[in-house]
Number of protein chains: 2
Amino acid sequence: MTLEKGFEPHLAIGETTVTGRDIEMLRAIDRFGSMHEAANELGRSYPHLQRRVVELEEAIGQLTERVRGGEGGGGTQLTPDALGLIRQFERLRVELSGVTTVPESVISGTVTERSGELATVRTAAGEMTARVPTRAEDVEIAVRADAVVLIEPRSPAHDRTSIRNQIPGVVTGVAIDDAIATVTVEIDDGVMIESVVTEESVDRLGITEGTDVVAAFKTTAARAITADP
Amino acid sequence: MTLEKGFEPHLAIGETTVTGRDIEMLRAIDRFGSMHEAANELGRSYPHLQRRVVELEEAIGQLTERVRGGEGGGGTQLTPDALGLIRQFERLRVELSGVTTVPESVISGTVTERSGELATVRTAAGEMTARVPTRAEDVEIAVRADAVVLIEPRSPAHDRTSIRNQIPGVVTGVAIDDAIATVTVEIDDGVMIESVVTEESVDRLGITEGTDVVAAFKTTAARAITADP
DNA sequence: CGGCGTTGTATCGACATAGATACACCGTCG
DNA sequence: CGACGGTGTATCTATGTCGATACAACGCCG
């Protein structure tokens, strides 16, 4: 039984929310220069589509230049704001899909010290700092693999960065697919951290199975959730 | 006009998808030990709620122990699988909400070279590498602020890490809230990158307005979308 | 000046969703 | 043995969504 992670993005302003359907609609309007043809293409009714455009504009501001009559009967062009809206939505979708496609490492531990939203967590692989939104004792720290940096050991001056969690380990696996490598680092017996890096970085740092590396990640990229409820 | 980023998470298996409403329902059943009281609490009709439980179980497997008659008239208890499902859903929600709560930086540029899913992008602030899923020419690179590392300039050996994008800039703003700082770095005239770091890092690196820093992020954490729809 | 293909608007009907109601079934408890 | 409070199920109805239809308004074009 494997459940597939999914999501539906939206952008909200006041009562109205811009959905994927709206973006699809705006893109069709842009493609055809006509709400009528857009409605046809999408298999939607023109009256509702037109109504929706007005509704969005009432909430967000001008999104279209609609002309009635004239050459070709008229038409509808998107404003730069509308194009920006489409891009913003697409960025949101891409970033969210990053969550569902990038692997995540989970490390359990217990909170030893708190400071605001941050906390120090004692784990099998040593102490780490993470964001701990809820008041919790036993936690699981989750780190996205694309937030994990691999550092060559014995290279100096790594307190000169904002990366506070730097955990030495040994590479136990390297899987390369289409110029992107997923590197598994064992930071304690049976405790793994995954990192996705470019194939170029793997080559440059000479990473293969058995290599000593430091797996590093920012405190703000590590999120803890309570382990129990 | 600021649009608030949002999303609706779900878990899919075959035709049926588990929504936030389903999770809310399961949690209410767990709280009361009774589907009837759960329906009351949520203001939902018992028949549909009961039907939905059966539907979910047909897709996922046993989620409840439902007994009819007996002490207190019977009742419904969640199985460990159901509790695991709730946790899985909650974790997905937390991961996704990371995207909507952390600021993103957007940098436009044009693709100059491709290698698999990766590409080199020329921007006003120099060349960067990013994930570019679609075949695109003009792109926008989006980077999450919690993936941006701040590095002290003139510190050596930063080719000894898997961070390929290292862009010098000047700090133009530091906003501290609850031990977490949002640092704005100007990497070119009017082009900003935001980074969220701990207050501790801000102090340690001596970051204030006007400080020279290097804003760095991994290629795999930078995602590009087409600028033209 | 009429035709054409748009935008704008009112209205109807099909359909899905979800609450409301009613009732059979079940097993313990007083 | 009947009351009680739960599960299981059929059915009706209110509601909202969305496509379908119809028609007015508009302005270029032949």
Side-chain angles (χ1 to χ4, degrees), chain A residues 8 10 12 15-79 81-82, chain B residues 8 10 12 14-79 82:
Chain A
E8 198 61 44
H10 62 81
E15 291 302 291
T16 57
T17 69
V18 183
T19 69
R21 200 160 183 258
D22 293 323
I23 298 302
E24 184 188 39
M25 173 183 76
L26 290 179
R27 247 203 288 260
I29 293 173
D30 186 51
R31 204 159 52 244
F32 292 106
S34 144
M35 295 196 290
H36 218 90
E37 284 192 68
N40 267 357
E41 169 79 4
L42 300 176
R44 297 178 55 176
S45 80
Y46 172 80
H48 283 137
L49 186 143
Q50 189 268 351
R51 193 85 203 124
R52 181 60 180 165
V53 168
V54 173
E55 214 171 295
L56 289 179
E57 290 194 319
E58 277 167 1
I60 301 176
Q62 193 174 7
L63 295 173
T64 59
E65 298 268 7
R66 311 197 291 283
V67 320
R68 169 150 86 161
E71 186 177 1
T76 301
Q77 299 297 323
L78 297 192
T79 64
D81 276 5
Chain B
E8 198 60 46
H10 61 81
E15 291 302 290
T16 57
T17 70
V18 183
T19 68
R21 199 159 185 260
D22 294 323
I23 298 302
E24 183 189 39
M25 173 183 76
L26 290 178
R27 246 203 288 260
I29 292 173
D30 186 49
R31 201 158 55 242
F32 292 106
S34 145
M35 294 195 290
H36 218 91
E37 285 191 67
N40 266 358
E41 169 78 3
L42 300 176
R44 297 179 54 176
S45 80
Y46 173 80
H48 282 136
L49 185 143
Q50 189 268 354
R51 193 85 202 124
R52 181 59 181 167
V53 168
V54 172
E55 214 171 295
L56 288 179
E57 291 194 320
E58 277 168 1
I60 301 176
Q62 193 174 5
L63 295 174
T64 59
E65 299 268 7
R66 311 197 291 283
V67 320
R68 169 150 86 160
E71 184 177 2
T76 300
Q77 299 296 323
L78 296 192
T79 64

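Values in this document were obtained by computation on a predicted structure and should not be read as measured data. Protein chains get the first letters and strands the later ones, always in sequence-line order, with residue 1 at the start of each.
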What does the list of N/O pairs under 3.5 Å between the protein and nucleotides 22-26 of chain D look like, with a distance for each?
unit_1  : atom_1 : unit_2   : atom_2 : d
dC26(D) : O2     : Gly69(A) : N      : 3.2

What's Val67(A) touching, base or sugar-phosphate or nothing? Going by heavy atoms closer than 4.0 Å.
sugar-phosphate
Side chains of Glu58(A) and Thr16(A) in contact at under 4.5 Å (non-hydrogen atoms)
no
Going by heavy atoms closer than 4.0 Å, what residues in residues 16-33 of chain B are next to DNA chain D?
none
How close or far is atom P of dT7(D) from atom CZ of Arg52(B), stated in whole angstroms?
18 Å
Should Gln50(B) be listed as having a side-chain N or O under 4.0 Å from OP1 or OP2 of dT7(D)?
no
Given atom CD of Gln77(B) and atom P of dT7(D), what is their separation to the nearest angstrom?
10 Å
Minimum heavy-atom distance between Asp22(A) and Thr17(A), given as atom pair plus value
OD2-O, 3.6 Å
Here the gap from Ile23(A) atom CD1 to Leu56(A) atom CG, rounded to the nearest 0.5 Å, amounts to 8.5 Å
Donor-acceptor contacts, no H, no angles, side chain residues 71-79 of chain A, under 3.5 Å, sequence neighbours left out:
unit_1   : atom_1 : unit_2   : atom_2 : d
Thr79(A) : OG1    : Gln62(A) : O      : 3.3
Thr79(A) : OG1    : Leu63(A) : O      : 3.2
Thr79(A) : OG1    : Asp81(A) : N      : 3.4
Thr79(A) : OG1    : Ala82(A) : N      : 3.3

When you measure from the side-chain N and O atoms of Ser45(A) to the phosphate of dT21(D), is any distance below 4.0 Å, counting only OP1 and OP2?
no
Could you state the atom-to-atom distance from CD of Glu55(B) to C1' of dT9(D) in whole Å?
15 Å
Using side-chain heavy atoms (C-beta onward) and a distance below 4.5 Å, is Thr19(A) in contact with Glu8(A)?
no
Student check: side-chain heavy atoms of Met35(A) and Thr64(A) closer than 4.5 Å:
no
If the condition is side-chain contact (heavy atoms from CB on, under 4.5 Å), which residues does Arg68(A) pass it with, not counting sequence neighbours?
none
So, do Val53(A) and Met25(A) sit near enough that their side-chain heavy atoms are less than 4.5 Å apart?
yes
Apply salt bridge (charged side-chain N to carboxylate O under 4.0 Å, His left out) to Arg66(B) and Glu57(B), showing your working.
CA-CA 12 Å; Arg66(B) 311 197 291 283; Glu57(B) 291 194 320; 2.7 Å; yes
Where along residues 34-43 of chain A does a heavy atom come under 4.0 Å from DNA chain C, residue by residue in number order?
Ser34(A), Met35(A), His36(A), Glu37(A)
Scanning both residues in full, the closest heavy-atom pair of Ala39(A) with Leu49(A) reads CA-CD1, 3.7 Å
Contact boundaries on DNA chain C for chain B, cut-off under 4.0 Å to non-hydrogen atoms
dA18(C) to dT28(C)
Mind running salt bridge (charged side-chain N to carboxylate O under 4.0 Å, His left out) on Arg52(A) and Glu55(A) for me, showing each step along the way?
CA-CA 5 Å; Arg52(A) 181 60 180 165; Glu55(A) 214 171 295; 2.9 Å; yes
